[in-house]
Amino acid sequence: MNLEILLSQKVTETIKTLYCKEYSQAISFQKTRPEFAGDITLVIFPFIKISGKGPEQTAQEIGNYLKEHCKEVENFNVVKGFLNIEISAAYWLEFFKNISQNKNYGFAEKSSGKTIMIEYSSPNTNKPLHLGHIRNNLLGYSVAEILKANGHKVIKANLINDRGVHICKSMLAWKKWGNGETPQSSGLKGDHLVGKYYVEFDKQYKTELNKLIAKGIPIEEAEKKVPLLLEVQEMLRKWEAGDNETIALWKMMNEWVYEGFEKTYKALGVDFDKIYYESQTYLLGKSMVEEGLQKGVFYKKEDGSVWIDLTADGLDHKLLLRSDGTSVYITQDIGTAIERFKEFPELNSLIYTVGNEQDYHFKVLFLILEKLGYKQAKDCYHLSYGMVELPHGKMKSREGTVVDADDLIEEMIQTAAEKSKERGKTEGMDDAQLHQLNNMIGLAALKYFILKVDPKKKMLFNPEDSIDLNGNTGPFIQYTHARIRSLVRKAQEQFSNYSSVATSLPGKEEISLLKHLYYFPQVVAESGEKFDPSLIANYIYDLAKQFNQYYADVAIFKEENETVKALRIQLAEATGKVIKNGMQLLGIQVPERM
RNA sequence: GGCCCCGUAGUUCAAUGGAUAGAACGGAAGUUUCCUAAACUUUAAAUACAGGUUCGAUUCCUGUCGGGGCUACCA
């Protein structure tokens, strides 16, 4: 049984017996700080009103009672208002027997019966992916894995932003200045080729804008009159009208981009169950605007544009349809959401993995869905993550201040390869194995670097210093795993008996590792509730660190007592398993040797 | 201007309202006849400022200062 639940019951019983009062509130425990003896700590302050005594005396009394009446409690000590409880080695041994037999330790055993759709990635098809997208993809993928581990049915969705004025910008620039360049003719990856023209558009736009400003036209007015902008708007109208030539160009360029994305996704190790295209959902959004108008939720201005008044909810007026009848971002999102409600009536939750710069957008979106009468609006959740910043500020695709995803992945693999070579511990591996290992290590460094940070917080990436491979990093954890596997291999060769059930009581060092393993299921559950992979990342790091300490302190194979030796090897093996399972939830693979 | 988020060692990150605020990198000093030194050990170094709430505040509230985002007929 779970230790906290067990002790909670005992404490409630204790209070009742000692002080003749019911304590109905939840009793909370915390981990005992390492500088004190004990495994788990009860904070006494909430009980002093009931006991009518000082914290130390209350703690003594509760501790005495627990020690006498609870066989799991071996001993206790009191420091100020804290009751530090030592759990018996016998309890830890029982616990260990359970986890070493459970292959999926930490993961939910039963289905929760819930279905959750998580949307992530959602790229625009006008430029290649950059570091910001990497955070999005890794976060979305990891949260999906974590939710599965919590017993939910998960649908991973990718909504491709394949249409809109930004897409037309790349198209127009290519049409004007591309001279028929293709991925084949240029040797460029498709998404990079298209991105090149997106940047080109911006460059030309600015040139034209400056010409207008030089003529003395006020900036605000000039911005709307740049010929290139008028052309691109015309192109969007043609696209929405189904103009053959425009559609053909659009299809061709989007195909280039998809081929490029496919490679990046594969390199990152992310995947999807369901792909949506905005080009196929925006019309539904438009019809929803009609519906909203009829219901009186929306209103139309004289110029024909459609709006919603959200001032009563503390927000602003929001545009839903342009005066020329074309749709905007939120129009499409309304359509997509409603389509999903209809397609998956069983959906318990719909999670959008999108950066926090869109907090306002999603607030508005969910409010509109609610006002349109969709009760599923309350099941929608914006998984809002912080931006990845560079030392000089935000990344901007148009201005070319981006860290390209493909470049960064390649660079990390290179760094890993150099380090592997330098260490020279991989002899006996053929080229393919070595390549696979370096891939694994390079990606672990990148993924862990991003996922160890609380998703809600913005994070900084400095391209000048490459991502570390030592310290609190993915490769550190991988290394610990490789060491453990090496131990286990050796045990299998030299000591065939090691896998028999452990019978030796764990010592102090073993218990501190066991305590750590004990918390894994709780961490998986909490990270699932909070949609926060960083909890798992930090947990695994602490576990690996603790194991390395153990490894340095205790010589496992030197131990003469066979049952003690067996316990240690099994403990190492269990630790390796938790590391592997935890890293899997982060989308990170761990090697058998490195 | 309005709304939202954030200020923790030199740097990058931790800390359900709990004990002496943890790590990593970088700095200083050590550990290899022993299971993988991508490791381990020791060490210096931080809660922007001012109030409030309480047994107790990095955490909650108010204000000041500083940073970022949104406030587009961009997405």
Side-chain angles (χ1 to χ4, degrees), chain A residues 28 30 32-36 41 43-45 48-49 55 79-82 84 122 124 126 161 164-167 169 223-224 233 278 301 303-307 314-316 319-324 326-330 332-333 354-361 363 384 386-387 389 393-394 416 419-420 422-423 425 441 445 449 452-454 456-462 465 467-480 482-491 494 526 534-535 537-538 541-542 544-545 547-558 568-569 572 593-594:
Chain A
S28 70
Q30 53 187 269
T32 304
R33 295 182 69 115
E35 59 266 36
F36 301 109
T41 295
V43 182
I44 294 299
F45 296 109
I48 55 178
K49 273 184 193 157
V79 181
K80 297 185 196 166
F82 299 89
N84 300 321
S122 304
N124 293 316
N126 61 344
N161 287 275
V165 75
H166 56 300
I167 311 294
K169 286 177 181 174
E223 277 174 346
K224 291 176 183 168
Q233 284 167 347
E278 281 199 347
K301 279 193 183 173
D303 62 5
S305 58
V306 178
W307 299 74
L315 306 173
D316 295 320
L319 176 89
L320 298 169
L321 210 58
R322 295 190 186 100
S323 52
D324 66 1
T326 57
S327 56
V328 291
Y329 182 45
I330 201 157
Q332 308 170 145
D333 272 3
V354 181
N356 65 10
E357 57 192 350
Q358 294 191 35
D359 285 355
Y360 183 77
H361 171 80
K363 219 171 174 179
S384 165
M387 298 288 101
E389 287 178 5
K394 219 182 139 179
K419 181 81 182 210
S420 290
E422 192 183 296
R423 288 188 77 234
K425 296 246 172 166
I441 296 171
F449 175 79
K452 77 170 182 191
V453 181
D454 182 342
K456 290 191 290 295
K457 296 188 179 171
K458 66 172 185 224
M459 62 181 293
L460 192 111
F461 175 78
N462 188 350
D465 4 305
I467 296 171
D468 260 312
L469 303 182
N470 297 330
N472 186 355
T473 66
F476 167 89
I477 296 167
Q478 289 179 316
Y479 172 72
T480 310
R483 253 182 170 183
I484 289 170
R485 296 308 301 167
S486 168
L487 265 179
V488 172
R489 277 194 302 274
K490 193 166 178 185
Q494 300 184 1
E526 194 186 349
S534 76
L535 298 176
N538 287 313
Y541 171 68
D542 286 338
K545 198 170 162 55
F547 181 83
N548 281 329
Q549 246 172 60
Y550 180 75
Y551 186 91
D553 289 348
V554 177
I556 293 172
F557 281 98
K558 266 195 171 175
R568 289 179 177 173
I569 294 165
R593 40 179 306 208
M594 69 186 271

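Just so it is clear, the values below take in all heavy atoms, side chains as well, and ignore hydrogens, waters and symmetry mates. Chain letters run A, B, ... following the sequence lines, proteins first and then strands; every chain starts at 1.
Between A:Arg33 and B:G18 there is no side-chain N or O to OP1 or OP2 distance below 4.0 Å. Residue A:Gln549 has a polar side-chain atom (N or O) positioned under 4.0 Å from OP1 or OP2 of B:U41. Within the structure, a side-chain polar atom (N or O) of A:Arg322 is placed less than 4.0 Å from OP1 or OP2 of B:C74. A close approach under 4.0 Å does occur between a side-chain nitrogen or oxygen of A:Arg483 and OP1 or OP2 of B:A37. Taking only side-chain nitrogens and oxygens, A:Lys545 comes nearer than 4.0 Å to OP1 or OP2 of B:A24. For B:U36, the OP1/OP2 oxygens have a side-chain nitrogen or oxygen of A:Ser486 closer than 4.0 Å. Side-chain N/O atoms of A:Lys363 include none lying less than 4.0 angstrom from OP1 or OP2 on B:C70.
Contact annotation for A:Ser420: base contact, defined as any heavy-atom pair under 4.0 Å involving a base atom. Using a 4.0 Å heavy-atom distance criterion, A:Gln478 is classed as making no nucleic acid contact. Heavy atoms of A:Val306 sit nowhere under 4.0 angstrom from any nucleic acid atom. As judged by a 4.0 angstrom heavy-atom cut-off over every strand, A:Phe45 is placed among the base-contacting residues. At the heavy-atom level, A:Asn462 lies nowhere under 4.0 Å from the strands shown. Residue contacts shown for A:Lys456 are absent, as no nucleic acid heavy atom lies under 4.0 Å away. Among the atoms of the strands shown, base atoms are found under 4.0 Å from some heavy atom of A:Ile441.
A:Tyr541 does not carry A:Lys452 over the face of its six-membered ring by the limits of under 6.0 Å from the centre and within 45° of the normal.
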> Given the rule in the side-chain contact (heavy atoms from CB on, under 4.5 Å) test, do A:Asn470 and A:Lys419 qualify, once you have shown the distances and angles that lead to the verdict?
Replying inline: CA-CA 11 Å; A:Asn470 297 330; A:Lys419 181 81 182 210; 3.5 Å; yes
> Where do A:Thr473 and A:Asp468 land on the side chain to side chain donor-acceptor pair (under 3.5 Å) test, with the steps shown first?
Replying inline: CA-CA 7 Å; A:Thr473 66; A:Asp468 260 312; over 6 Å; no
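Comparing B:U53 with B:U12, their C1' atoms are spaced 34 Å from each other, to the whole Å. Separating the C1' atom of B:A48 from that of B:U59 is a span of 16 Å, rounded to the nearest Å. Here the separation of B:A46 from B:U11, taken at their P atoms, is 12 Å to the nearest Å. For B:A15 and B:A19, the P atoms lie 14 Å apart once the distance is rounded to whole Å. Atom name C1', nucleotides B:A14 and B:A23: the rounded distance is 7 Å, in whole Å.
Base pairing annotation: B:A23 forms a Watson-Crick or G-U wobble pair with B:U12, both donor-acceptor distances under 3.5 Å. Within the shown strands, B:A39 is the pairing partner of B:U31 under the Watson-Crick or G-U definition, both distances less than 3.5 Å. Pairing for B:A57 is absent, with no Watson-Crick or G-U wobble pair whose two atom distances lie under 3.5 Å. Under the Watson-Crick or G-U wobble criterion, with both distances below 3.5 Å, B:A44 has no partner in any strand shown. The pairing partner recorded for B:G1 is B:U71, the criterion being a Watson-Crick or G-U wobble arrangement whose two distances lie under 3.5 angstrom. The partner of B:U62 is B:A50, judged by Watson-Crick or G-U wobble contacts that both fall below 3.5 Å.
Taking every side-chain heavy atom of A:Tyr479 into account, B:U36 is the closest of B:U36, B:G7, B:A19. Comparing B:A75, B:A14, B:U16 against the side chain of A:Lys457 picks out B:A14 as the nearest.
Contact of A:Thr41 with B:A19 (side chain to base): a donor-acceptor pair of N or O atoms is detected under 3.5 Å. Applying the 3.5 Å distance criterion, the base of B:C73 shares a donor-acceptor pair with the side chain of A:Ser323.
A side-chain N or O of A:Asp359 and one of A:Ser384 form a donor-acceptor pair less than 3.5 Å apart.
Ring geometry for A:His361 against A:Tyr329 counts as parallel: the plane angle stays under 30°, on a 0 to 90° scale with 60° as the upper cut.
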